[in-house]
Amino acid sequence: MPKSVKDYLPTEFWLMKSEPDAFSIDDLIRMKSEHWDGVRNYQARNLMRDQMKVGHRVLFYHSSTAVPGVVGTATVVKEAIPDHTAWDRKSKYFDAKSDPENPTWWMVTLGKAKKFKNIVTLADIKEHPRLREMLVAQKGQRLSIQPVLADDFSEIVSLGR
DNA sequence: GCCAACGTTGGC
DNA sequence: GCCAACGTTGGC
């Protein structure tokens, strides 16, 4: 039975995808904290703006790479604020339709990143009897910010560290 | 690089 | 409101 985002809400646990060439967990560790700019999908926007709160835990996922998977954890350290890259004409995330008076795009800030000893790969997740129910393991699920069950968060952390 | 799956856009 | 065309995501 395919599951959808709402089956996992409300939650305090998340998975956030990033292409490591653009922004990796090492970048976040080095920078201490950073805002999650560039999300241009309404469902992901809604989750960040309306659901993610300070203290929520995040699985940091590397996508579009040789071995996609969860590479560590982070914590939401600041709730969503308007994504200023939307009105920066020089940014690749520029969006002429986003009005600074009524922002379309929002971003949370992550910090407290910790890298796993072992990547928990997408293949690992798909093979695991329970984790294979995670949204990230489902065919065609492209959402870059996904809610996660508390038990699945714990299981991934125990596999990774 | 391929391509399936999905989201968005725009004509009607 | 429908849906075809297009663009993007992201695994493989």
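Protein chains get the first letters and strands the later ones, always in sequence-line order, with residue 1 at the start of each.
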Just N and O in the side chain of A/Tyr42: are any of them under 4.0 Å from OP1 or OP2 of B/dC6? no
Report the distance from atom CG of A/Asp95 to atom P of B/dT8, rounded to the nearest whole Å. 12 Å
Quickly work out the A/Leu135 CG to C/dG10 C1' distance and round it to whole Å. 16 Å
Rounded to the nearest angstrom, tell me the gap between atom CD1 in A/Ile119 and atom P in C/dG11. 12 Å
side-chain hydrogen bond (donor to acceptor under 3.5 Å, both in side chains) partners of residues 54-73 of chain A, not counting sequence neighbours, each pair once: A/Trp14-A/His56, A/Arg57-A/Thr73, A/Arg57-A/Thr75
Given B/dG7, C/dG10, C/dG11, the nucleotide with the shortest approach to the side chain of A/Ser64: C/dG10
Counting side-chain heavy atoms from CB outward, which of C/dC12, C/dT8, B/dA4 is closest to A/Lys139? B/dA4
What's the closest nucleotide to the A/Arg142 side chain, out of B/dA5, C/dC12, B/dT9? B/dA5
Atom-to-atom span, CD of A/Gln138 to C1' of C/dG11 - whole angstrom: 15 Å
Return no unless some side-chain N or O of A/Lys17 is found under 4.0 Å from OP1 or OP2 of C/dG10. yes
Integer-rounded Å distance: B/dC6 C1' and A/Gln146 CD: 13 Å
Under the criterion ring-ring contact (aromatic ring centres under 6.0 Å, His included), which of A/Trp87, A/Tyr42, A/Phe94 is the partner of A/Trp105? A/Tyr42
Tell me the closest heavy-atom pair linking A/Pro147 and A/Thr11, and the distance in Å. CB-CG2, 3.7 Å
Quick check: are there more than 12 heavy atoms from other residues, nucleotides or ligands sitting under 6.0 Å from CZ of A/Arg130? yes
Can you tell me how far P of C/dG7 sits from CG of A/Asn41, to the nearest Å? 18 Å
In whole Å, I'd like the distance from the CG atom of A/Leu143 to the C1' atom of B/dA5. 14 Å
Grab the CD-P distance between A/Glu19 and C/dC12 for me, whole Å please. 15 Å
